[in-house]
Amino acid sequence: MPKDDVTRRRHVLLVDVTQAASEVSRLVHEARDLNLPVEPGVREGRDALVRWAVLLPEVLPQSRAWPSVSRL
């Protein structure tokens, strides 16, 4: 696999994980606003996605194109 493809896929993974954490958070808030239950483990799953998004840049070589993950 070409190095550029690996770098691109790593960037896409970081973006996807960050967006997944954000979307789960939004959905939990929406369920709470609508007085709907949230399954056990959903919040913990969201927290795991946040940790993953924060740790990914530390374990993978960064390129200048990688965004900062500070808005979670």
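Just so we're clear, the structure is a prediction, and the values are computed from it rather than from any experiment.
- The shortest heavy-atom contact between T18 and A53 is OG1-CB, 3.7 Å.
- Hydrophobic clustering (ILVMFWY, side-chain heavy atoms < 4.5 Å, transitive): V42 and L49 are in one cluster.
- Between R46 and S25, the closest heavy-atom pair is NE-CB, 3.5 Å.
- In summary, of the residues considered (V59, D47, L14, L13), a side chain to side chain contact (heavy atoms under 4.5 Å, CB included) with W52 occurs for L13 alone.
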Residues V15, H11; criterion side chain to side chain contact (heavy atoms under 4.5 Å, CB included); working and verdict
CA-CA 6 Å; V15 170; H11 172 74; 3.7 Å; yes
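- Identified under the salt bridge (charged side-chain N to carboxylate O under 4.0 Å, His left out) test for residues 21-41, with sequence neighbours left out: E23-R26.
- Cluster partners of L34 are L36, counting Ile, Leu, Val, Met, Phe, Trp and Tyr whose side-chain heavy atoms approach within less than 4.5 Å, directly or via other members.
- R8 meets the salt bridge (Lys or Arg N to Asp or Glu O under 4.0 Å) test with D5; sequence neighbours excluded.
- Contacts of D16 classified as side chain to side chain contact (heavy atoms under 4.5 Å, CB included), with partners at least two apart in sequence or in another chain: V12, Q19.
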